[in-house]
Amino acid sequence: MEAPIYWPSVFFFLFAGLACAFALAVVISPNIVRMAFYLVLSLASTAGLFFLAGADFVGAMQIMIYVGGTLVLLVFGVMLTSQDRFISMKTSTFDLGVTGVVGGCFFLLLWYSALSVPGWRGLSIEQATAAESQLQPTATQLGMGLLGVRVDAPDHSGYLLVFEIISVHLLVVLIGAAYLARARRRKTLAVE
Amino acid sequence: MTPYLLASSLTEPVGVRHFLVVGAFLFICGVVCMATKRNALGILMGIELVLNGANLNFIAFGSPYLRQASESIGLDGQLMSLFVIVLAAAEAAVALAIALNFYNSFNTIDVDRADQLQG
Amino acid sequence: MDRIPLLLLVAWLLPLVSFAIIAIGYSVPQFFGIRVRYSTQKYGAYISVAAIVAACVLSMTAMFWCWLPNNPLKSSEEHEGHAEHTAMASPASVGEHTPFKLVAQEKSEPSDSAATATEPTETERTAAGSNAPPTSLTGDWYVLGQFGNLRLTIGYYIDTLTVTMFCMVSFIASCVHIYATGYMHDELEDYVDHEVHLPNHEHLHRRGRFHRFFQFLSLFSFSMLGICISGNLAMTFVFWELVGISSYFLIGFYIERHSASTAANKAFIVNRVGDFGMLIGLMMIWTTLGTFNFGDMKDADGTVHPGIFSQLRLKQNNYELAPADGMIAFEARAQVAEVVRNGGDDAAVKNLITNLRNDTNAHWGQWALLIAGVGLFCGCMGKSAQFPLHVWLPDAMEGPTPVSALVHSATMVAAGVFLVGRIYPMLSPEALLVVATIGCITLILAASIALTAVDIKRVLAYSTISQLGFMMLALGLGGWVAGLFHLITHAFFKSLLFLCSGSVIHAVHTNDMRQMGGLRHKMPITAYTMLAGCLAIAGIGIPFVFGFSGFHSKDAIVEQAIHFARTNGGTHPWMWLYVVIPLIGAALTSFYMFRLWYMTFAGSPRDPHKYDHAHESPPVMANVLIVLSIFAVCAGWSLSWVGPGVLKNFGVESLLEQARPIGILGNKPGVLLSTLVIPDEHASHATAVKVPAGVSAILVALAGVLGATIVYLWESISAASLRRSMSLLYAATWNKWWFDELYDYLFVRPTHLIAAFIARVLDRGIIDGIIHSLAYIVRGFAQVVGIGGDRYVIDNAVDTFAEKTWDLGLSLRSLQTGRLRQYVMFIVVGMIVLFIVASLLVKFAVAG
């Protein structure tokens, strides 16, 4: 072995492979319940990739919000509409073919663009190690950034306004969702 | 060739482009999912995948390990991805509500049947 | 004195203000459909009455506080003394200028008048007979426009005649206004017109229009006063027409009645005939004299522009009438042109004119003078209803009775006589003979028709025409004062008579005298005031002791007639007709007036039903009758016994004597008719004329009264047997001498025939043909353009564009599948394409 294995890369490939594989499984699987399951796994693997990129807080959020929240929501949706005829719905082969070709083209395009920028090639081991040595949790910095103070880059603007807007947006969305999905009073109930 | 490539990859730190390729793959998977699934919830899952792929790109661009810290966009990437996550959650909630409403109204979840707006 | 124009201006404009207020406050809202309440309409009448009463007060103020203190009156003896012996004292004059600065001048300059009594030439002049111009105020208030030399102004010419007319018109108008507030009371509620039959056999129901009546009365008063004060002929003509139009409105007050609207049209059209002549006269005056002003006008820079009177009666010519230079130049156009063509200057032209003037055989300019005078008299004929234009006045009785009283007896028809009096200095003896002849024919014609008329108002209408004939006769025979004296007295007693007849009609609701009789028991005030009026118009009186107003004025006319006949009778014995006919006319007058009175008030009721319902009129009407009857009795009196003061010698006659126009005294020999002499008026008061005139006038008047009494009161001779014995005469007078029929055949039918011919041939055949063929051409053209241009080119272009848009929409519509998954594919493909395009752009366009 001329060079030692750099373990973060190994984990990267592991999680990347998992994420891609489960994403592909989501695409391929005709069963909606399994799709949800594969999606959970794919998203979780992506969270691993986030950790590897040094975004510990975001990764945690990924697991908590996506896996723990959004996905649960989706599963609820699946369960609420879980008639047999909707569990697995076949798509026509023609559609699949066309979509595959178009998607493949798009993927090749993106791959090509990703590889075409030299600066995106990656660091040397020494640089990477040096960067690792300055490792520190990002939660505090993110929290400060959201409150308008940038610890990491004082000349960058904070995100307080965006944060507030997002908050209000969330509130509105939740109320709206509750309104849209509220249980309609059925007539039979009224008769009862 | 391939084993060598793999080996060399394993001994070197990965770069932004690796993440970008993974993100692109997730994105394409999400798009294909949206384009092929007839179940409305499947389409929602596709959207989640697309957003996730985009998120991965943000993280990659903001990471200090993947390229020179001076070139990285720093914490902005993570903040952006946080917002994306939040918005994805919100979107999921609304979309699910719409889907449920659709289901209640038409007693189906097949988006191919939701073509009343066709020209 | 300098306040007079202002006073009269205000008096003149007040009725206009009232007219405007009523028009804006009542008529305009009504035009837009707003109903004016009757309680509100009543105030319109009050405004009108207030305006005219104020005008009357102002006129009286002008007369007694401003005019007379400055111009003391003289007794008639003084005047005659002057005429017979020495220089006539010039009228007192005043030195100030009028307050209106624009162009104002007083004719009698102080130095002038002070000198007149002593100037040596004065004796010669008065010996020749002419008198100096009377005191007058002239000036312009407002310049309407200046077209080259033609200057149209609102101006004034104020002399004693103007002031007297103002007092008379505004006083009678006030009486009639007040009377009308009672008489027109029916109009203060919804009115049922029993003389209008609708197609559904009902009577017309309409809103009352009380205010409208007073609105027109105000307009009329304004116009009439405008004629009186007007300072030039153009302005006179304007107000002449305004009087005509107000008369038209008032005759047609009951516009829904066919007879009323026809009568209004008839009055208007017949007056147009006369006005045509008047226009000719105006054109002649403008062409030859270059001015319309009566009096002299002083410019702002002091230049004096001589008016009509001073141009025709030059001072160096002893104020004798002579054609102006312009008239001679007008008649001798050819010679003048010849002189100018040969290079003659103004002096040469002037020289030529002087030569022509001295050519006594050719009478240059006399015809122009005659045409101007007779032309203007044509207008007066129309307005004063003289033969042959008298036909409109009896029909005008369709108007309400106050209108007849004011407009068609006392004032408007008097405007014609007034104008003759006003333009008197420019009437040549020949023109005066025309005036006299027309008046003579009119008076006997109208009197004869009045004999048989049974409509009470028509009797009065014909008597009006007859009396106007008397006035014209007097004026034409040289009796300027006599004619206008009769005008004033007649205004009082005729308005009284009309208002009395209105009172009777108000009581019995009919105009037909055959349904009246015995009414004096029911309505004593009306009966005895009317009796006073009848005595006045008949000219009853005891000579030299006492007389009703008509006695004095008619006496003066007869005197003048006898004097005229004596002067001319030697050469022309037929001129005695000018005496005989008025005497017959006077007899007829008293006959028909007393016939009227007996048929109406005396004897036993012929229609007991109507008699039972008759009643005396309300106090507002009766009081007016009493006031007017006082004036009818004493309007002719002269206050010669009053001591010194304003009222010394006060009387209509002395007022008029003071107003006597420039240069009309003395015997005026005719030029074209060399044997004609218009005699001096003062000479007619000589005892040799006065006694036979007075005796004959009173005798014929008493004869008329006696005749009427025999036939209609005692009924010793039955009217029916008289009618049978003179059936031809009766038929002629009953049918008004067939004038209406004659005009119908002479003018109306030919006009209809011509109109029908023109309508059928010219209008329908030629003009319509041209228009129709034009229309066909245009239609054909339009069809060609429509089919060729429109349908094929434009329509096709538009249609094609629309179809293409439609097709594009249809094809695009299939894109909109409504399938969600397809949309995702579109997005993806679109993104790929965008990506590639952007890359290529960057590579080749930006980077390369």
Supply the atom-to-atom distance B:Tyr65 OH to B:Phe19 CZ, rounded to the nearest 0.5 angstrom.
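One finds 11.0 Å between OH of B:Tyr65 and CZ of B:Phe19.
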Within 45 degrees of the ring normal and closer than 6.0 Å to the centroid, is that where the cationic atom of C:Arg209 sits relative to C:Phe213?
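Geometry flag: not set, cation outside 6.0 Å or 45°.
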So C:Phe216 and C:Phe249, would you call those rings parallel, tilted or perpendicular, with 30° and 60° as cut-offs?
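Rings of C:Phe216 and C:Phe249: parallel, under 30°.
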What orientation do B:Phe106 and B:Phe102 show, parallel under 30°, tilted 30 to 60°, or perpendicular over 60°?
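Rings of B:Phe106 and B:Phe102: tilted, as their planes differ by 30° to 60°.
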Report which part of B:Ile43 has an atom under 4.5 Å of a heavy atom belonging to chain C: side chain, backbone, both, or neither.
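Side chain only.
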Under 4.5 Å from a heavy atom of chain C, the part of B:Arg113 involved
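Contact with chain C involves no heavy atom of B:Arg113 at all.
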Between B:Thr36, B:Val32, B:Ile28, which residue shows the highest count of heavy-atom pairs closer than 4.5 Å to chain C?
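Between B:Thr36, B:Val32, B:Ile28, the count favours B:Thr36.
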